[in-house]
Amino acid sequence: DALGQDKKLDDALALYQQMKASGIALDGVVFNVLLKGFVTAGRVAEAMQLFEEMKQNSTPGVVTYNTLINGLGRTGRLGEALQAFAEMSEMGFTPNLVTYNVLVSACGKANMLEQGFKIFEQMQKNGVAPDVITYNALLFGIGKSGQMDRAYKLFEEMKKQGIVPTKVTYTTLMQGAGHAGHCDQILTLLEEMKKKGGFVDLIAYNIVIDKLGKAGRVKEACDIFSQMKADGFAPDVITYNAVMYGLRKAGKTNEAYKYCGEMEAAGIRPN
RNA sequence: GGGUCUCGUCGG
């Protein structure tokens, strides 16, 4: 699993072959881990091949299906993901919270928001209660489709249901507000996150700086950049790219170069 | 008893 996460999937495969050759018994978890490796590397064909192999050995389980559905969904193959979802039920596996979350998330990314809401309803009919990840995934899809009024309604609704928003909820709303061009909302959300304590993180600052810069509010972007450092956050390459993009867009190329120098001085490699 | 699955950030 560690090798697979670390872009060393082929080393993981070698280890797997070695295990097989030494006659070590391989259980379903080993296969799931490999499947996940293929899926995160975008090697879907090999993932499908391994999955077929697993079926011969009758090692697939709910986690296997979830991993596979996630892989299909995140590579834009929503149709195949839904097919795998149907198949798992036929095989007698009961979809769990993760299964539904993977599907809702895939729908949002694929601009199939209404399909996502259908699954949201279906899970509840089947007695699976949505959690904060489900709502965050829906908010992502709503934000991507530019319907922020609907996003704020769902945000209120989730709280009414007793779901506690996380920092991901807030940054997801920020992104949506950015898509809709609502920079002031982003700043309001940042203030709310600060009040919560412990909600503001590097990603939140990166989003704020990016959106302000793209909206031409480059002075504010630079101010937030200073503020994040004052708050003890170290800008990363994404932060620097975002400020520099905004500065360059505003024609402040010299200013952008200053940040570039600062970045290198901070030991951050340009990408 | 433990190990595997799901949500948010830039540029290209």
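Lettering follows sequence order; numbering is per chain, from 1. On a predicted model such as this, the values are computed, not experimentally measured, just so you know.
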Out of B:U6, B:C10, B:G3, minimum distance to the side chain of A:Val98 belongs to B:U6

Yes or no on ring-ring contact (aromatic ring centres under 6.0 Å, His included) for A:Tyr65 and A:Phe51, after CA distance, side-chain angles and deciding distance?
CA-CA 9 Å; A:Tyr65 276 96; A:Phe51 179 62; 5.3 Å; yes

Spacing between A:Asn32 atom CG and B:C5 atom C1', to the nearest angstrom:
8 Å

Report yes or no: is there a donor-acceptor pair, N or O only, under 3.5 Å between the side chain of A:Asn66 and the base of B:C5?
yes

Whole angstrom value for the distance that separates C1' of B:G12 from CG of A:Asn241:
10 Å

Just checking A:Lys144: does its NZ atom have more than 12 heavy atoms from other residues, nucleotides or ligands closer to it than 6.0 angstrom?
yes

Let me know the distance between CD1 of A:Ile133 and P of B:G8, rounded to the nearest Å.
10 Å

Specify the separation, in whole Å, of atom NZ of A:Lys167 and atom C1' of B:U9.
12 Å

Phosphate OP1/OP2 of B:C7: any A:Arg74 side-chain N/O under 4.0 Å:
yes

Quick one: does any side-chain atom of A:Asp184 pair with a main-chain N or O of A:Leu187 as donor and acceptor, under 3.5 Å?
no

Using a cut-off of strictly less than 4.0 Å between a heavy atom of the residue and any atom of RNA chain B, enumerate the qualifying residues of residues 103-132 of chain A by number.
A:Ser105, A:Lys109

When you measure only distances, ignoring hydrogens and angles, does the side chain of A:Thr172 come within 3.5 Å of the base of B:G8 through a donor and an acceptor?
no

Classify A:Arg248 by what it touches in the nucleic acid, base, sugar-phosphate, or nothing, heavy-atom distance under 4.0 Å.
nothing

At less than 4.0 Å, is any side-chain N or O atom of A:Lys214 found next to OP1 or OP2 of B:G11? Yes or no.
yes

Just checking A:Lys55: does its NZ atom have more than 12 heavy atoms from other residues, nucleotides or ligands closer to it than 6.0 angstrom?
yes

Look up atom CG in A:Leu26 and atom CG in A:Asn57, then write down how far apart they are to the nearest 0.5 Å.
9.0 Å

Given atom CG of A:Asn136 and atom P of B:U9, what is their separation to the nearest angstrom?
12 Å

Rounded to the Å, how far apart are A:Tyr65 OH and B:U4 P?
22 Å

For A:Lys8, does the NZ atom have more than 12 heavy-atom neighbours from other residues, nucleotides or ligands under 6.0 Å away?
no

Rounded distance (Å) that lies between atom P of B:G8 and atom CD1 of A:Ile207:
10 Å

Is a donor on one side and an acceptor on the other found under 3.5 Å between the side chain of A:Ser22 and the backbone of A:Ile24?
no

Could you tell me how far apart A:Asp201 (CG) and B:C10 (P) are, to the nearest whole angstrom?
14 Å

